[in-house]
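Down below is the structure, laid out as structure tokens.
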Amino acid sequence: MTLLLVVTAVPAEADAVRAGLPDGAATVVPVGVGPAVAGAATARLLALAEAGGRPYAGVVSAGVAGGFTDHVAVTGTVLGSSAIAADLGAESPDGFIPVDRLGMPAELLGAGTTLTADRDLLAALRAGLPDATVGPILTVSTVTGTTAGTAELRRRHPDAVAEAMEGYGVAVAAAQATVPFVELRTISNPIGPRDRAAWRLHEALQALTVASAALPAVTTAGN
Ligand SMILES: O=C(O)c1cccc(C(=O)CC[C@H]2O[C@@H](n3cnc4c(=O)[nH]cnc43)[C@H](O)[C@@H]2O)c1
């Protein structure tokens, strides 16, 4: 039987996912914070599974996230239609330039700054989570924490529903291993001026447990 790999940033998120899953429904691993460490760790897990003759059927980047509150409420659930590397590029006097518009050779850019979720995995999760908000999820290396930063992201990505720190890195690892990818997040805080004390982590982790009950359907998607 092929298995699903669910990667989270921190152990508390992994525990929340496991609490919503039947035993053995997925391998759940906290791989660390940020796109680089999450991508590298996910790539290693995928390669080891493949080398062992038991490749994963899909990879889910799961956890809590900051939400664009015009799209989703705090404690709500979001599904990523794509993972966008929102701060990979260059600043200029005329504004931010995404890395795929810097004139570099295409072969150096992989799939570019936007990686689309696997259609079948996304459809399976949408079916199980009809109240989830679906849209692009931004991946940032720096948590947005000002009104100006929020407005700038909003201007550049008006359809984005949330930001987190791992999705794009995990998506790159999945794409290079040709394993389907999707991102599932619950909202712990609004994106905006930093107010860490107001994060509703406990409720977001509870929501993550509830949402994770939809994950077993993902294993059969597309088969
Ligand atoms: O301290 C705890 O108990 C605890 C429990 C669960 C999660 C955490 C985190 O610190 C999660 C970090 C993780 O969350 C994502 N995240 C959440 N909000 C945002 C945001 O506004 N902007 C970007 N990322 C966000 C991110 O993926 C982090 O890796 C602590």
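Order of appearance sets the numbers: ligands from 1, and atoms from 1 within every ligand. Just the heavy atoms: all of them, side chains too, but no hydrogens, waters or symmetry mates, feed the values below.
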Check residues 93-112 and write down every donor-acceptor pair under 3.5 Å in which the side-chain atom is one partner and the other belongs to a residue at least two apart or another chain.
| unit_1 | atom_1 | unit_2 | atom_2 | d |
| --- | --- | --- | --- | --- |
| D100 | OD2 | T113 | N | 3.2 |
| D100 | OD2 | T113 | OG1 | 3.0 |

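- Screening I84, V172, T139 against L115 for a side chain to side chain contact (heavy atoms under 4.5 Å, CB included) leaves a single residue, V172.
- In this structure, the salt bridge (charged side-chain N to carboxylate O under 4.0 Å, His left out) partners of R154, at least two apart in sequence or on a different chain, are D70.
- Summarising the geometry of F181 relative to A174, their closest heavy-atom pair is CB-CB, 3.8 Å, with the distance given to 0.1 Å.
- Remark: minimum distance from atom 30 (C) of ligand 1 to any protein heavy atom is reached at L201 CD1, 3.6 Å.
- Residues V72 and G67 come closest through the heavy atom pair CG1-CA, 4.1 Å.
- Residue, atom and distance of the protein heavy atom nearest to atom 18 (N) of ligand 1 are N189 OD1, 2.8 Å.
- The A164 neighbourhood of ligand 1 comprises atoms 23 (C), 24 (N), 27 (O), with distances under 4.0 Å to a heavy atom of that residue.
- For E166 and R185, the salt-bridge test passes: some basic side-chain N is under 4.0 Å from an acidic carboxylate O.
- Residue, atom and distance of the protein heavy atom nearest to atom 5 (C) of ligand 1 are A12 CB, 3.6 Å.
- Counting the atoms of ligand 1 from 1 in the order shown, those under 4.0 Å from a heavy atom of S188 are 17 (C), 18 (N).
- No donor-acceptor pair closer than 3.5 Å links the side chain of T8 to the backbone N or O of A62.
- Annotation for ligand 1: atoms under 4.0 Å from non-hydrogen atoms of W199 are 17 (C), 18 (N), 19 (C).
- Residue R196 approaches ligand 1 through these ligand atoms, each under 4.0 Å from one of its heavy atoms: 10 (O).
- Atoms of ligand 1 found under 4.0 Å from any heavy atom of A9 (numbered from 1 in listed order, with element): 29 (O).
- In this structure, R18 contributes its side chain and V28 its backbone to a donor-acceptor pair below 3.5 Å.
- Closest to atom 15 (C) of ligand 1 among all protein heavy atoms lies V64 O, 3.2 Å.
- Put simply, the side chain of H157 never gets that close to the backbone of I137: no donor and acceptor are under 3.5 Å apart.
- Residue T27 is tested with V7, V6, L3 for a side chain to side chain contact (heavy atoms under 4.5 Å, CB included); the sole match is L3.
- Residue contact check: R185 has heavy atoms under 4.0 Å from atoms 27 (O) of ligand 1.
- Distance from atom 13 (C) of ligand 1 to its nearest protein heavy atom, with residue and atom name: E13 OE2, 4.0 Å.
- Among protein heavy atoms, atom 23 (C) of ligand 1 sits closest to E163 OE2, 3.3 Å.
- The option from G63, G34, G66, P35 that lies nearest to atom 19 (C) of ligand 1, judged by heavy atoms, is G66.
- Note on ligand 1: V10 sits in its first shell, one or more heavy atoms being nearer than 4.0 Å.
- Taking every heavy atom of A65 and a limit of under 4.0 angstrom, the matching atoms of ligand 1 come to 16 (N), 17 (C), 18 (N), 19 (C).
- For E163 (side chain) and T144 (main-chain N/O), a donor-acceptor pair under 3.5 Å exists by modelled atom type.
- Close N/O approach between I191 and ligand 1 is not found [any backbone or side-chain N/O within under 3.5 Å].
- Scanning all protein heavy atoms for the shortest distance to atom 27 (O) of ligand 1 gives E166 OE1, 2.6 Å.
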